[in-house]
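Working notes, beginning with the structure itself.
Throughout, protein chains are lettered first and strands after them, A, B, ... in sequence-line order, and every chain is numbered starting at 1. Quick note: numbers below take in every heavy atom, side chains included, and nothing from hydrogens, waters or symmetry partners.
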Amino acid sequence: MPMRPSKEWVAIKMAERGGRGSGGHGSLDKSITLPPDEIFRNLENAKRFAIDIGGSLTKLAYYSTVQHKVARVRSFDHSGKDIEHEPLYEISVQEEITARLHFIKFENTYIETCLDFIKDHLVNTETKVIKATGGGAYKFKDLIEKKLGLKVDKEDVMTCLIKGCNFVLKNIPHEVFAYQKDSDTEFRFQTNHPNIFPYLLVNIGSGVSIVKVETEDKFEWIGGSSIGGGTFWGLGALLTKTKKFDELLQLASKGQHTNVDMLVKDVYGGAYQTLGLSGNLIASSFGKSTTADKEFSKEDMAKSLLHMISNDIGQLACLYAKLHNLDKIYFGGFFIRGHPVTMRTITYSINFFSKGEVQALFLRHEGYLGAIGAFLKGAEQDNPNQYSWGENYAGSSGLMSTSPDVFPMQRTRSGTFDMFEMDRLERPLVNLPLLKDPSTYIPDTVDLTDDAMARKYWLTCFEEALDGVAKRAAASQPDSIDASERAEKFRQKYWNKLQTLRQQPFAYGTLTVRSLLDTREHCLNEFNFPDPYSKVKQKENGIALKCFQSVIESLDSLGWEERQFALVKGLLAGNVFDWGAKAVSDVLESEPQFGFEEAKSKLQERPWLEDSYSQWLERLKEGPPHKCALIFADNSGIDIILGVFPFVRELLSRGTEVILACNSGPALNDVTYSESLIVTERIAAMDPVIQSALREEKLLLVQTGSSSPCLDLSRLDKGLAVLVRERETDLVIIEGMGRAIHTNYYAALKCESLKLAVIKNSWLADRLGGKIFSVIFKYEVPCK
Amino acid sequence: CWAALCRRTGGRSSRPRVPGDAVPLALRDETKADDVIFPWFGLDIGGTLVKLVYFEPKDITAEEEEEEVENLKSIRKYLTSNVAYGSTGIRDVHLELKDLTLCGRKGNLHFIRFPTHDMPAFIQMGSEKHFSSLHTTLCATGGGAYKFEQDFRTMGDLQLCKLDELDCLIKGVLYIDSVGFNGRSECYYFENPTDAERCQKLPFNLENPYPLLLVNIGSGVSILAVYSKENYKRVTGTSLGGGTFFGLCCLLTGCSTFEEALEMASHGDSTKVDKLVRDIYGGDYERFGLPGWAVASSFGNMMSKEKRESVSKEDLARATLVTITNNIGSIARMCALNENINRVVFVGNFLRINTISMRLLAYALDYWSKGQLKALFLEHEGYFGAVGALLELLGSA
């Protein structure tokens with residue numbers, strides 16, 4: 001897909017690029033354009049600027065607010081009205097304002113142009129100060145003060161770096177990754193550990209700083225080395241006459257260090273095996289260049305230099321880690337900054353010197369740490385640390401591979417500028433207290449960065465569905481004149497994201513079905529389609545409610561054991577309805593009860609693909625009632641009303657309290673918390689069991705804190721977690737493909753759990769060894 | 001008597017490696033020193049230099065003189081009457097140990113070195129002088145003992161007795177320190193290393209040496225923690241050693257000898273090449289307690305084109321020397337901390353005629369450890385492996 005330069009793109013001719021590290025003969029940067037209005041977004045409301053000026057890149061940070069549409073549902077007053085022909089509730093679209101952090105990275109060359117642009121677009125006049133950090137802050141101080149009319153307030157580089165590091169470690173899932181050599185996926189993302197401290201941060205700028213971070217505010221410079229990125233660059237420039245850092249790295253990636261280095265086998269001859277030494281170890285870096293009458297290739301010298309410096313840094317880092325008894329080392333600084341070559345050599349060195357005891361870790365947003373930290377210093381009165389923040393996939397560039405053979409167009413762009421946006425989440429997110437081991441919990445079942453076949457399938461799947469999603473989005477706002485234009489922009493944006501992910505699956509951390517779905521939601525929101533399914537959900541909820549009582553009656557007529565099975569089947573059958581496809585809604589409209597029965601008949605017969613129903617039944621029969629069940633609901637309509645609620649009713653009758661958790665924000669046709677309130681109210685009006693449970697607070701409705709069709713049990717609304725603990729929840733029920741198969745299929749909990757879903761995708765069914773409409777019924781009891 | 005010591009320890013951690021196909025050495029009465037046939041050599045074949053020690057007996061009786069075969073005599077005369085051999089072999093006369101008693105014999109110990117790339121010529125010479133006819137054992141250590149073993153056999157008809165490098169190194173250090181340097185102390189240190197005016201070289205008594213950290217700087221660097229004569233371990237090593245200094249100097253300045261590289265370095269100014277803390281922060285970086293004079297980025301100024309064009313070869317040589325030396329100091333200091341050892345002995349030929357590096361190491365260790373660590377040096381810098389090989393010859397025979 002070609003990039004579509006918008007009309008507003010301002011082409012900035014690359015001026016004769018003087019200064020260090022930017023010789024004019026670069027092959028890529030002759031005709032790069034920088035689109036300021038595309039990258040400095042939301043400037044109108046921007047405040048609290050911070051800037052981090054490094055040797056070649058500038059990082060700008062600001063806080064802004066975004067106004068976007070949200071769908072709200074509101075119950076009608078039904079008294080005296082013909083409820084048969086009125087919609088269940090009212091949907092209105094309202095404007096909401098949320099906080100967003102913007103981070104932009106661009107080359108220092110553009111600094112003047114960028115400052116001009118900001119000045120022209122800055123509306124907010126409260127801002128008087130700009131926080132600045134980085135080696136270049138001093139150099140550009142006057143320029144910034146003159147251009148922006150703001151006072152430059154300098155902040156300590158390392159303090160900013162650490163502050164930024166703590167912030168991303170806490171807030172961004174999959175921020176941290178290990179580099180893997182000979183693997184299909186170079187980057188192995190790590191689960192966020194609940195406790196990030198203590199750790200070692202090794203910042204490789206021109207020199208090396210080794211900092212031990214013990215708490216949010218406590219860190220200590222424990223050492224350093226003068227052999228760092230500047231040594232590679234400076235010495236490399238002298239040896240190879242190559243002026244640019246990136247070009248030196250490219251040279252290095254093509255060289256053979258064994259032509260320049262003296263290896264163990266050069267000293268020992270062929271007999272090194274007898275010593276148990278690897279002959280390929282470097283005995284003396286540059287040990288073969290001890291002669292004046294031989295020429296060495298630039299590539300070979302650059303490679304040897306890279307090995308020498310990486311090994312040295314790795315060795316010192318290990319010695320410091322050992323002395324301070326630490327096993328996690330995060331590496332950052334321009335020497336590392338997304339360069340696979342340096343990540344590889346540093347990782348090798350750490351493995352070698354620590355004998356595998358210490359892990360070399362890298363950060364996705366490493367380049368932004370200083371800017372984030374400086375921003376946080378300036379925003380202390382807003383107290384950003386008390387909120388949870390989430391990466392906005394729609395507004396963030398993602399991690400780019402700097403490998404030269406990958407997507408040259410993207411590389412060119414990413415070399416010019418890069419964006420990172422974080423949204424302030426309405427509510428603080430925490431771990432589900434029932435997770436068996438939060439530090440090893442991985443929500444996602446399949447890692448698409450790892451599994452190339454699955455990746456290909458799902459990317460294609462999302463591509464093929466895209467036109468339909470765009471159409472539905474447009475159709476959901478029939479009264480808006482620009483709906484189709486926005487829908488097309490959405491389509492284009494998400495399409496581009498999918499193409500990026502094809503090339504760089506690691507761009508936003510581990511690629512998963514969840515991240516693909518979430519990215520789509522972020523893109524829809526970006527173009528003001530907060531809830532394309534609102535009307536569909538409204539209709540389905542209304543229809544399903546009409547059938548509730550007859551479903552209950554037929555269940556109540558069954559014997560106990562028969563009823564348990566019917567309840568489970570109902571739950572599963574309800575879960576078949578997560579489409580909103582025309583065919584289905586037609587059937588529903590004419591004969592909803594029939595549709596529900598039809599769905600039941602489509603279900604796989606027992607034994608199911610995953611079938612522990614007998615154990616579940618046994619548990620119900622023999623065991624005491626559960627104290628409290630936490631249910632994560634899936635779809636609106638038949639699923640929640642005819643599937644989940646009868647099941648909830650049965651649990652309540654057994655004396656089990658129920659916490660029903662629904663999404664805080666919309667995602668596909670999933671039932672939202674506000675919709676669940678209305679639905680429950682209506683059911684309560686029909687059903688005394690639900691009514692009294694609500695009144696006695698034995699049935700509690702909560703929100704998950706999420707707006708995803710999937711479920712991350714490590715990022716849930718704090719209120720939910722509190723309630724789960726208070727009520728001594730001992731059963732967790734997770735329903736639906738998104739929550740129980742794409743995520744949490746392997747999640748281990750401290751209490752009993754039920755994971756139920758119908759596989760409505762033949763490829764996935766095939767993968768799991770079944771057919772479409774195969775049933776997953778997974779009842780798990782933690783081993784004592 | 002050191003010889004007695006050799007006998008006691010020789011058999012344990014450091015039995016010479018005798019290849020399976022070699023004829024086992026004949027058992028001899030250990031107490032009779034003269035059973036070890038002359039000539040007595042110890043050889044250490046490193047990556048860059050070959051170090052050879054030769055014991056010249058001065059107590060040869062008339063009877064012995066008569067019996068002494070012509071070949072042996074000619075070797076003795078050749079080695080002791082020259083100070084240079086061929087175009088590259090050099091005898092470090094100033095290091096010669098006089099009137100040494102070794103295994104009951106009195107004599108002088110000579111220290112000779114030549115580049116490893118001249119090894120084939122050396123073997124050739126041995127062959128021409130019919131060295132093999134002397135039926136002596138040639139004890140050798142260093143990587144080259146392995147690399148050149150085959151050449152010794154085929155070209156020189158000589159069977160090498162290969163010895164462990166680190167065993168030999170430690171034996172050599174302990175022995176030479178114990179016999180002293182012709183009445184002077186072998187070991188020394190720099191007093192007031194942080195004060196250029198008051199800094200002076202002073203003897204150090206290494207009578208109770210343990211534990212010590214032994215840093216051997218040859219082409220590469222090995223770091224050993226020594227707890228007793230037989231209890232030591234290799235802690236780590238680094239490939240940034242003497243070979244790196246010399247190799248980079250050759251590339252950067254076009255020099256062709258180590259001496260030339262050091263000479264250039266002595267006239268250069270590394271602060272033109274390196275980026276110092278004060279270049280970045282205008283002075284000390286107080287937040288981290290870093291002094292302004294500390295190097296923040298080795299060769300950091302060379303990122304700038306103008307600065308690259310304004311530095312001299314001498315500046316580059318000096319910066320290379322400072323970079324490598326400080327790095328070794330830094331790694332050694334961290335090892336000392338991790339091993340909880342406060343005496344660090346630096347040896348190896350990188351330190352030969354290299355006062356700049358020795359002072360730098362002394363300074364760096366003292367400064368960064370706030371006086372907790374002491375850098376020690378030995379007069380016979382790079383010859384301890386070869387001495388150890390000679391002792392093995394005498395002790396294990």
Problem - Phe296(A), part contacting chain B, at a heavy-atom distance under 4.5 Å - result: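 Interface part for Phe296(A): side chain.
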
Handout entry: Heavy-atom contact with chain B under 4.5 Å, split by part of Phe232(A)
Key =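 When you check distances to chain B, no heavy atom of Phe232(A) falls under 4.5 Å.
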
Handout entry: Test applied, side-chain contact (heavy atoms from CB on, under 4.5 Å); reference residue, Gln315(A); option that passes from Thr238(B), Asn327(B), Leu240(B)
Key =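 So the option named by the test is Thr238(B).
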
Contact between [X] and [Y] at the side-chain level, heavy atoms closer than 4.5 Å - yes or no?
X         : Y         : result
Thr159(A) : Arg287(B) : yes
Cys335(B) : Leu319(A) : yes
Met158(A) : Tyr285(B) : yes
Thr231(A) : Met302(B) : no
Thr116(B) : Val267(A) : no
Leu248(B) : Leu239(A) : yes

Practice task
Considering only heavy atoms and a distance below 4.5 Å, find which of Ile282(A), Val211(A), Val208(A), Leu238(A) pairs most often with chain B.
Solution key: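 Counting heavy-atom pairs under 4.5 Å, the top option is Leu238(A).
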
Spatial distance of atom [atom1] ([X]) from atom [atom2] ([Y]) [nearest 0.5 Å]:
X         : Y         : atom1 : atom2 : answer
Phe288(B) : Phe219(A) : CZ    : CZ    : 5.5 Å
Ser239(B) : His257(A) : OG    : NE2   : 9.5 Å
Glu165(B) : Tyr268(A) : CD    : OH    : 3.5 Å
Ser297(B) : Ile204(A) : OG    : CD1   : 12.0 Å
Met334(B) : Cys318(A) : CE    : SG    : 10.5 Å

Exercise for the section: Take Thr244(B) and Ser284(A), measure what side chain to side chain contact (heavy atoms under 4.5 Å, CB included) needs, and give me the verdict at the end. Expected result: CA-CA 6 Å; Thr244(B) 315; Ser284(A) 174; 4.0 Å; yes

Minimum heavy-atom distance between [X] and [Y], given as atom pair plus value:
X         : Y         : answer
Leu290(B) : Trp221(A) : CD2-CH2, 3.3 Å
Gly243(B) : Thr290(A) : O-CG2, 3.7 Å
Ser289(A) : Gly247(B) : OG-O, 3.0 Å

For [X], is it the side chain, the backbone, both or neither that has a heavy atom under 4.5 Å from a heavy atom of chain A?
X         : value
Phe258(B) : neither
Cys249(B) : neither
Glu339(B) : side chain

Practice task
Take Thr48(B) and Met262(A) through the test side chain to side chain contact (heavy atoms under 4.5 Å, CB included) and record every step on the way to the result.
Solution key: CA-CA 10 Å; Thr48(B) 311; Met262(A) 184 187 284; 4.2 Å; yes

Exercise for the section: Tell me, with the steps shown, if Met303(B) and Trp233(A) meet side chain to side chain contact (heavy atoms under 4.5 Å, CB included). Expected result: CA-CA 6 Å; Met303(B) 291 188 277; Trp233(A) 195 345; 3.3 Å; yes

Practice task
Could you check Leu316(A) against Ser330(B) for side chain to side chain contact (heavy atoms under 4.5 Å, CB included), going step by step and ending with a plain yes or no?
Solution key: CA-CA 8 Å; Leu316(A) 277 166; Ser330(B) 185; 3.7 Å; yes

Exercise for the section: Name, in order of residue number, those residues of residues 301-314 of chain A that have a heavy atom at a distance of less than 4.5 Å from a heavy atom in chain B; otherwise write 'none'. Expected result: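 Listed by number: Met301(A), Met308(A), Asp312(A).
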
Practice task
Return yes when atom CD of Glu357(A) has more than 12 non-hydrogen atoms of other residues, nucleotides or ligands closer than 6.0 Å, and no otherwise.
Solution key: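 No, CD of Glu357(A) has 12 or fewer neighbouring heavy atoms, counting only those of other groups under 6.0 Å.
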
Exercise for the section: Give a yes or no answer on whether the side chain of Lys322(A) reaches the backbone of Asn338(B) with a donor-acceptor pair at less than 3.5 Å. Expected result: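 Answer holds: no.
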
Practice task
Anything in residues 306-326 of chain B with a heavy-atom distance to chain A below 4.5 Å? Please list those residues in order.
Solution key: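 If one takes a 4.5 Å heavy-atom cut-off, the residues of residues 306-326 of chain B near chain A are Arg308(B), Leu316(B), Thr323(B).
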
